[in-house]
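Have a look at the structure below before the remarks.
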There are 2 protein chains.
Amino acid sequence: MSSSEEYDAAAISSALPAELATAVSAPAHLPEATVRRLTTYLRVLDQLVDEQATVSSQDLATFAGTNSATLRKDMSLLGTFGRRGVGYDVQRVRVLLETTLGLTREWRVLLVGAGNLGRAFAGYAGFRSHGFRFVGVIDSNPELVGTTINDLEVSAASDLEALATKHRANMAVLTVPGVAAQPVVDQLVAAGVHNILSFAPVPLRVPDGVTVRRVDVAREIQMLAYFAVMGEASDGT
Amino acid sequence: MSSSEEYDAAAISSALPAELATAVSAPAHLPEATVRRLTTYLRVLDQLVDEQATVSSQDLATFAGTNSATLRKDMSLLGTFGRRGVGYDVQRVRVLLETTLGLTREWRVLLVGAGNLGRAFAGYAGFRSHGFRFVGVIDSNPELVGTTINDLEVSAASDLEALATKHRANMAVLTVPGVAAQPVVDQLVAAGVHNILSFAPVPLRVPDGVTVRRVDVAREIQMLAYFAVMGEASDGT
DNA sequence: CAATGTGAACAAGTTCACAGCG
DNA sequence: CGCTGTGAACTTGTTCACATTG
């Protein structure tokens, strides 16, 4: 369903010996829990890369807030080879994780919703460094059209398809109110944007071949409330 | 470690027959996955309450994006009694969920970080309706101090403890940059705020008795990238 | 000999399928 | 008869413990 995409896997690893990038195994189906942790490992490694050449499962796990057994199992799923008695090569694992996570491609992101949440997202550091590039911003509020966010001019809702096509957007971030979410998703899908991160608190219907991920911040504060009450209860016991 | 909190469990259910609130069982340790779904059920029920008195596990599950077996198991953990052949009483389950999740208490929330993300969060609809009330906003940027967000005046960082104490804040939302997060957490804990929702992309150290929940939006777009690539791959097969 | 890689035990979460009840 | 409640099967994820290796 999705059209063929140009690969750009060597972009980041180009500064490194070719051997490093070659170690990458076929990115088989990884458990979601593992993928979540890989993103954390990557962030830690990004900081570590200037400080040390090698890192033990123990240390990396601690920095990432997990335990060494979990980390080693995660790594083994990537078919990686640490050195026994030594640990993992920081740079090598970094490249491996970037490639595995799909962060060496160029993700041309369309931001739909230029409210506070959209602006927060656009301003977030670290996106550009991992393959994400905002190519356009859309908002239905005429007052916002023409203003700029992060050097990007806000476009009208009617320009969605044209903008997506022009910049060959292959990802969208949705920060619109719940009621607006489904119609926007339909437009995005029609415009060929098949990967969507939504912050709207509603389930979204999409055809096969479209990947949607939802983040629900309101849910998180409610879950905190539950665990807060639990925490108190077990405190006294 | 945390001080005793006044219960206010009857606040929302006060408009209902007392019998409804009485059906509430001891909120035993619920699986995190169940808690996550409960928040979704509640949102659906909030919309359904004006339309129908009763709902089947099948229907509620569909609206919530899950299946009826999961929903019934979740409900059974709450010790709820649906009516066989009929379904669940919408109002009754709504009250049950609110109570279970701890949303009938008054959560006096301190917002630390008045940037875009903080403003987005403060403006989020639905908080007030579920027990959350922002009692103060803090930011370290002097230019923001004195401006207002959602009718609340932004206070200086040095006022954190005084503000927390004055309003008896029992929850905080952290929307500060990563490097600032740990120091702020330490201040919050010292000020007696023992429940924290953090958007900073760093693990936080807190003493026992403090509940922290972390939301990492940068992680979500990276996970989307992974699943996007996966989706393409399995498309062709 | 320090630290990986992994089978096996364990724990958590989901789905099935059906008995039982209103 | 329709729909709940739940044991049991199953799937997914985590932790243990130890053989293995540079």
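All values below were derived from every heavy atom in this structure, side-chain atoms included, with hydrogens, water molecules and symmetry-related copies excluded.
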Query raised in the report: Any idea which of C/dA19, C/dG13, D/dG13 is nearest the B/Arg84 side chain?
Result: C/dA19
Query raised in the report: Rounding to a whole Å, what distance do you find between A/Met75:CE and D/dT14:C1'?
Result: 16 Å
**Report entry** Closest-nucleotide 5' rank along DNA chain D - winner of A/Asn67 and B/Ser57
**Finding:** B/Ser57
Query raised in the report: Is there a donor and acceptor pair, one atom on the side chain of B/Arg83 and one on the base of D/dT4, closer than 3.5 Å?
Result: no
Report task. State, yes or no, whether a side-chain contact exists between B/Phe227 and A/Asn195 at a heavy-atom distance under 4.5 Å. Result -> no
Query raised in the report: Which part of the nucleic acid, if any, lies within reach of B/Arg36 when heavy atoms closer than 4.0 Å are counted: base, sugar-phosphate only, or nothing?
Result: nothing
Requested in this report: Check the distance between C/dT14's C1' and B/Glu32's CD and give it to me in whole angstrom.
Outcome: 16 Å
Query - Proximity to the side chain of B/Arg37 - top-ranked nucleotide from C/dG5, C/dT14, D/dT6 - result: C/dT14
**Report entry** Atom-to-atom span, CG of A/Leu60 to P of C/dA3 - whole angstrom
**Finding:** 14 Å
**Report entry** Within-4.5 Å side-chain heavy-atom neighbours: A/Val212 and B/Leu224
**Finding:** no
**Report entry** Distance test, side-chain N/O of B/Thr70 to OP1/OP2 of C/dT15, below 4.0 Å
**Finding:** yes
Query raised in the report: Nearest to the side chain of B/Lys73 - C/dG13, D/dA8, C/dT6?
Result: D/dA8
Query - Donor-acceptor pair between B/Asp89 and B/Thr54 side chains, under 3.5 angstrom - result: no
**Report entry** Length of the line joining B/Leu96:CG and D/dT4:C1', which is rounded to integer Å
**Finding:** 15 Å
Query raised in the report: Expressed in angstrom and rounded to an integer, what is the separation of A/Asp74 atom CG from D/dT12 atom P?
Result: 16 Å
Query raised in the report: Taking CG from A/Leu71 and P from C/dT6, how many angstroms apart are they, rounded to a whole number?
Result: 14 Å
Query raised in the report: For A/Tyr88 and C/dA2, is the shortest distance between a side-chain N/O and OP1 or OP2 below 4.0 Å?
Result: no
Query - Option passing side chain to side chain contact (heavy atoms under 4.5 Å, CB included) with A/Val185 (candidates A/Val176, A/Val193, A/Leu204) - result: A/Leu204
Query - Protein-nucleotide distance (B/Leu77, atom CG; C/dT15, atom P), rounded to Å - result: 15 Å
Query raised in the report: Does B/Ser68 put a side-chain nitrogen or oxygen below 4.0 Å from OP1 or OP2 of D/dC3?
Result: no
Requested in this report: Starting from P on D/dT4, measure out to CG on B/Asp89 and report it in whole angstrom.
Outcome: 13 Å
**Report entry** Distance-only donor-acceptor check, side chains A/Asn67 and A/Thr70, under 3.5 Å
**Finding:** yes
Requested in this report: Kindly point out which of D/dG13, D/dT14, D/dT6 is positioned nearest to the side chain of A/Pro31?
Outcome: D/dG13
**Report entry** Side chain of B/Arg72 (C-beta onward), nearest among D/dT4, D/dT14, C/dT14
**Finding:** D/dT4
